[in-house]
Protein chains: 2
Amino acid sequence: MRQLKSSRQPKVSKHPPGGFCPRFHRAVELIGRRWTGAIVRVLMGGPQRFNELLNTVPGLSDRLLSERLRELEGEGLVRREVDPGPPVCVSYHLTQSGSSLEPVIASLGSWAERWMRA
Amino acid sequence: MRQLKSSRQPKVSKHPPGGFCPRFHRAVELIGRRWTGAIVRVLMGGPQRFNELLNTVPGLSDRLLSERLRELEGEGLVRREVDPGPPVCVSYHLTQSGSSLEPVIASLGSWAERWMRA
DNA sequence: ACCAATAGCTTACCAAAAGTAAGCAAACTA
DNA sequence: TAGTTTGCTTACTTTTGGTAAGCTATTGGT
């Protein structure tokens, strides 16, 4: 039984629930990497500095924060901004694509409140 | 500077965006584990058998599928059902909590369509 | 009856990711 | 000038993920 391939392939809807969607997959694997969701959620509150993020997310190490921030920058969700004071001050803030994750974060938040055991 | 602790702690809103929310964190780390998001999304289309899932999600191995399904079962998002035919037939389907992830999946899907490079 | 294939897994092993610890330059603080 | 904070990087260990094989039970073919 080779998956009933002929009866699928609707062509009317690009991504029926119940199928595999590459973009969705890449998105969930990106924000699902360890700590990334928490970091993005914190950045929703406005620009944050490295150590602010570090102190806000319990258990997160500086090494991983650095790595995750660079990944998010690479994907265009976060921008790193250096304000040459002095003192120099580095802040991270969401780009437009990052900010537009807000409804996603919010609905997952509601789900978590309703269904996750504390 | 120890985080301006006194000026935070609003107590009016349980989880201001910009803070850390343990339940949100647990939720995003759960569905963000590798392949889990894709598996849940496929299950949104209705109950699926082990090998259906395996064939639908490209790159997913049987070992990891088995592991992820048991995790999701443990968290109560998925139920494993054995129909003793014969032939026996195992299917996996979302529970109520699993199904109620639908808006989350949908909004992340929209975001991915808009912002993820294919 | 015999052989191969498919479903639904488990076990063993190796590679990649994450966690831990330390270090480090530049700036500021006492 | 000694010590602290910021914003990282490098080295090393542990945990997680990936690959391959195997295994029982059933089904389909010859």
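Lettering follows sequence order; numbering is per chain, from 1.
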Check the distance between [N]'s [atom2] and [X]'s [atom1] and give it to me in whole angstrom.
X        : N       : atom1 : atom2 : result
Ile39(A) : dA18(C) : CD1   : C1'   : 13 Å
Leu69(A) : dA18(C) : CG    : P     : 14 Å
Leu60(B) : dG18(D) : CG    : P     : 9 Å

### Task
For residues Arg80(B) and Tyr92(B), determine if any side-chain heavy atom of one lies less than 4.5 Å from a side-chain heavy atom of the other.
yes
### Query
In terms of the angle between their ring planes, are Trp35(B) and His25(A) parallel, tilted or perpendicular, with boundaries placed at 30° and 60°?
parallel
### Query
Do side-chain atoms of Ser97(B) reach the backbone of Gly76(B) as a donor and acceptor pair under 3.5 angstrom?
yes
### Query
Looking at residues at least two apart in the chain, or sitting in another chain, which of them share a side-chain hydrogen bond (donor to acceptor under 3.5 Å, both in side chains) with Ser66(A)?
Arg70(A)
### Test side-chain hydrogen bond (donor to acceptor under 3.5 Å, both in side chains) applied to Arg23(A) - qualifying residues, sequence neighbours left out
none
### Query
How does protein reach along nucleotides 7-17 of chain D, written 5' to 3' as B (base within reach of a heavy atom under 4.0 Å), S (only sugar-phosphate), or - (no contact)?
SBBBB----SB
